[in-house]
Amino acid sequence: PSTDATSGVRVQDSEQVIVSRNLVDSSNWYGVTIERSPGARVVANRIARAGSLRSDGGPTVTGVEVIESAGTMVARNRIRECGGYGIAVVRCSSAKRDPVRVERNRVERCGDPGLTVQGSTHVVVSSNAVESATWGFTIGEDSAPCKGIAITGNRFYRCPWGGGYVRGSSRCAIKRNSFVGCGEDARIRDRADAIIVLWDGQDGRGVSATAVTDNTATRHELTMPPGLLAAPRRFVRSSSSGIFRSRNARGLSIARNHFV
């Protein structure tokens, strides 16, 4: 076991780099890290058990991490059994005409959300499949809100905490995604009470100017033990004083989301 932080593939301070068709298995840090390298392409890699060689087992280690790298594409990768996120986009400020794109990836069995975007602008997350991550997707974390994030046409399976959430972010679109068996693990007491949760950031900033439309969800209808939260009966929650506090949401468009 190691305490070093060495990614399987690491790219820093470069431009237009292509990382393609690599097999990264049991790295002692992230599978692939792209940092301050705009226009990178991370395509058709297979990443498994990122962080598993660390002395702590890598509980927060990400499969693909993109940091401060505008216009990057992450596509057609297979990522599984990461202790942390499957794919994370962090502090990427892209132009609307050239967003970061996370497309057609498959993420399985991760100890954090499958797909996360934090402190970034103009990111498109589309046509991905996520299975058995804690959450399907997240936008914004604590004091790292986002702007102009699109989550469209993705499939999320058996994510026990919930389908996804948006926190303290603006001008986002959550459209045409499907959720199956999300938020239904009775062992998790503080999981979501809706498929998608919109909640305030750490500074109290609410979700604003955001659309959640044309999404579908299928329940597994598990039997919940007495005293535990039932499987989600609401599709979207945007107001609450509970664990996912939301008091300042505004300018939302929530329509045509339904259980099937």
Undergrad: Under the criterion side chain to side chain contact (heavy atoms under 4.5 Å, CB included), I'd like the reasoning laid out for F259 against R219: C-alpha separation, chi angles, the key distance, then a yes or no.
TA: CA-CA 8 Å; F259 291 94; R219 300 188 189 99; 3.4 Å; yes
Undergrad: Kindly say whether V66 contributes a backbone atom to a donor-acceptor pair with the side chain of S69 at under 3.5 angstrom?
TA: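 Checking the backbone N and O of V66 against the side chain of S69, no donor-acceptor pair under 3.5 Å is found.
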Undergrad: With no hydrogens and no angle check, is any side-chain donor or acceptor of T152 less than 3.5 Å from a backbone partner on A150?
TA: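 Judged by distance alone, no pair lies under 3.5 Å.
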Undergrad: Could you report the tightest heavy-atom contact between R155 and S178, atom names first, then the distance?
TA: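 Scanning both residues completely, I find the closest heavy atoms to be CG-OG, 3.4 Å.
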Undergrad: D25 and salt bridge (Lys or Arg N to Asp or Glu O under 4.0 Å): which single residue from R78, R46, R80, R49 fits?
TA: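 Running salt bridge (Lys or Arg N to Asp or Glu O under 4.0 Å) over R78, R46, R80, R49 with D25 returns exactly one hit, R49.
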Undergrad: Side-chain heavy atoms under 4.5 angstrom apart, residues restricted to Ile, Leu, Val, Met, Phe, Trp, Tyr: same cluster for V64 and V9?
TA: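 V64 and V9: one cluster.
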Undergrad: Rounded to the nearest 0.5 Å, what's the gap from OG on S127 to CD on E103? Could you check?
TA: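 Taking OG in S127 and CD in E103, the distance rounds to 7.0 Å.
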Undergrad: Checking N45 side chain against L23 main chain: does a donor-acceptor pair fall under 3.5 Å?
TA: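 Not a single qualifying donor-acceptor pair exists.
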Undergrad: Enumerate the salt bridge (Lys or Arg N to Asp or Glu O under 4.0 Å) contacts for residues 156-177, please, sequence neighbours excluded, ordered by first and then second residue.
TA: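 Found E131-R158, D142-R167.
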Undergrad: Test of understanding: clusters of I, L, V, M, F, W, Y form through side-chain heavy atoms closer than 4.5 Å, transitively. Do V197 and W161 belong to the same one?
TA: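 Linked, V197 and W161 end up in one cluster.
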Undergrad: Say whether, by atom type as modelled, one donor and one acceptor occur between the side chain of S238 and the main chain of L198 under 3.5 angstrom.
TA: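 Not at all, since once roles are kept as given, no pair shorter than 3.5 Å links the two residues.
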Undergrad: Using a 4.5 Å cut-off on heavy atoms from C-beta on, say whether the side chain of V32 contacts that of I47.
TA: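 With C-beta onward as the side chain, the pair touches.
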Undergrad: Under a 4.5 Å side-chain heavy-atom rule over Ile, Leu, Val, Met, Phe, Trp and Tyr, are V130 and V117 clustered together?
TA: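 Shared cluster, yes.
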Undergrad: Taking side chain as C-beta onward, heavy atoms only, is V180 less than 4.5 Å from F156?
TA: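 The answer is no; the side chains never approach within 4.5 Å.
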Undergrad: Using modelled atom types only, decide if a donor and an acceptor are shared between the side chain of S20 and the backbone of V43 within a distance under 3.5 Å.
TA: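 Yes: the side chain of S20 pairs with the backbone of V43.
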Undergrad: Does atom CD1 of I18 have more than 12 heavy-atom neighbours from other groups under 6.0 Å away?
TA: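 Counting neighbours around CD1 of I18, 12 or fewer heavy atoms of other residues, nucleotides or ligands fall under 6.0 Å, so no.
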Undergrad: Donor-acceptor pair, S27 side chain versus W29 backbone, under 3.5 Å?
TA: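 Yes: the side chain of S27 pairs with the backbone of W29.
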Undergrad: Who passes side-chain hydrogen bond (donor to acceptor under 3.5 Å, both in side chains) against T116, sequence neighbours left out?
TA: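 Per chain and number, T116 pairs via side-chain hydrogen bond (donor to acceptor under 3.5 Å, both in side chains) with Q118, T138.
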Undergrad: Would you say the side-chain atoms of R106 pair up with the backbone N or O of I79, donor to acceptor, closer than 3.5 Å?
TA: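 No, because the side chain of R106 does not come within donor-acceptor range (under 3.5 Å) of the backbone of I79.
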Undergrad: Going through the distances and angles, do F137 and I174 end up as a side chain to side chain contact (heavy atoms under 4.5 Å, CB included)?
TA: CA-CA 10 Å; F137 74 89; I174 317 300; 3.9 Å; yes
Undergrad: Can you pull out every salt bridge (Lys or Arg N to Asp or Glu O under 4.0 Å) where at least one residue sits in residues 239-258? Sequence neighbours excluded, please.
TA: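 Sorted result for residues 239-258: D214-R256.
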Undergrad: In the single-linkage hydrophobic clustering (I, L, V, M, F, W, Y; side-chain heavy atoms under 4.5 Å), do V236 and V166 co-cluster?
TA: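 Yes, V236 and V166 fall within the same hydrophobic cluster.
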Undergrad: Test S94 against V123 for side chain to side chain contact (heavy atoms under 4.5 Å, CB included), laying out the working first.
TA: CA-CA 7 Å; S94 294; V123 179; 5.8 Å; no
Undergrad: Nearest 0.5 angstrom please: E35 CD to Q12 CD, how far?
TA: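 Nearest 0.5 Å value for the CD-CD distance: 5.0 Å.
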Undergrad: Listed by chain and number, what are the ring pair (Phe, Tyr, Trp, His ring centres under 6.0 Å) partners of Y165, not counting sequence neighbours?
TA: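 Only W135, W199 meet the ring pair (Phe, Tyr, Trp, His ring centres under 6.0 Å) criterion with Y165.
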Undergrad: Please round to the nearest 0.5 Å and tell me the distance separating atom CG of N177 and atom CG of N257.
TA: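 Nearest 0.5 Å value for the CG-CG distance: 9.5 Å.
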Undergrad: If you compare all heavy atoms of P232 against all heavy atoms of G183, which two are closest, and at what distance to 0.1 Å?
TA: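 Heavy atoms of P232 and G183 come nearest at CD-O, 3.2 Å.
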Undergrad: Using the six-membered ring of F244, assess whether NZ or CZ of R237 lies under 6.0 Å from its centre and within 45 degrees of the ring axis.
TA: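 No - R237 does not lie over the ring of F244 by the 6.0 Å and 45° rule.
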Undergrad: Begin with the C-alpha distance, continue with both residues' side-chain angles, and end with the deciding distance and a verdict on side chain to side chain contact (heavy atoms under 4.5 Å, CB included) for Y157 and F179.
TA: CA-CA 6 Å; Y157 301 95; F179 302 86; over 6 Å; no
Undergrad: Do V100 and C92 have side chains that get closer than 4.5 Å, going by heavy atoms?
TA: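 In contact.
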Undergrad: For S169 and C146, indicate whether the former's side chain and the latter's backbone hold a donor-acceptor pair under 3.5 Å.
TA: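 Side chain of S169 to backbone of C146: a pair is present.
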Undergrad: Can you tell me how far CD1 of I151 sits from CG of L115, rounded to the nearest 0.5 angstrom?
TA: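 It is 7.0 Å, given to the nearest 0.5 Å.
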Undergrad: If you compare all heavy atoms of A70 against all heavy atoms of S93, which two are closest, and at what distance to 0.1 Å?
TA: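 Heavy atoms of A70 and S93 come nearest at CB-O, 3.6 Å.
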Undergrad: Which pair of non-hydrogen atoms, one from N128 and one from R104, has the smallest distance, and what is that distance?
TA: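 Taking N128 first and R104 second, the nearest heavy atoms are OD1-N, 3.2 Å.
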Undergrad: Give a yes or no on whether V102 and Y85 share a hydrophobic cluster (residues Ile, Leu, Val, Met, Phe, Trp, Tyr; joining criterion: side-chain heavy atoms under 4.5 Å apart).
TA: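 Result: no, two separate clusters.
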Undergrad: Partners of R10 by side-chain hydrogen bond (donor to acceptor under 3.5 Å, both in side chains), sequence neighbours excluded?
TA: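 Scan of R10 (side-chain hydrogen bond (donor to acceptor under 3.5 Å, both in side chains), adjacent residues dropped) gives none.
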Undergrad: With rounding to the nearest 0.5 Å, note down the distance linking CZ in R233 to CD1 in I195.
TA: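 Those atoms lie 10.0 Å apart.
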Undergrad: Provide the closest heavy-atom pair for E81 versus C110 in the form atom of the first, atom of the second, distance.
TA: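 So the minimum-distance heavy-atom pair works out to N-SG, 4.5 Å.
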Undergrad: Quick one: does V11's side chain get under 4.5 Å of T33's, heavy atoms only?
TA: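 They are not in side-chain contact.
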Undergrad: Is the side chain of N105 donor-acceptor paired with the backbone N or O of N77 at a distance under 3.5 Å, no angle test?
TA: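 The answer is yes, because a donor-acceptor pair under 3.5 Å joins these two groups.
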Undergrad: Write down the atom of A133, the atom of P113, and the distance for their closest heavy-atom approach.
TA: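 Closest pair (atom of A133, atom of P113, distance): CB-C, 4.0 Å.
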Undergrad: Judged by atom type as modelled, is there a donor-acceptor pair below 3.5 Å linking the side chain of S120 to the main-chain atoms of R91?
TA: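 Such a contact is found between S120 side chain and R91 backbone.
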Undergrad: What's the separation between atom CD1 in I87 and atom CD in E65, rounded to the nearest 0.5 Å?
TA: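 Spacing of CD1 (I87) from CD (E65) equals 11.0 Å.
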Undergrad: If a pair satisfies salt bridge (Lys or Arg N to Asp or Glu O under 4.0 Å) and one of its residues is in residues 201-212, list it, with sequence neighbours excluded.
TA: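 Every pair satisfying salt bridge (Lys or Arg N to Asp or Glu O under 4.0 Å) with a residue in residues 201-212: D203-R205.
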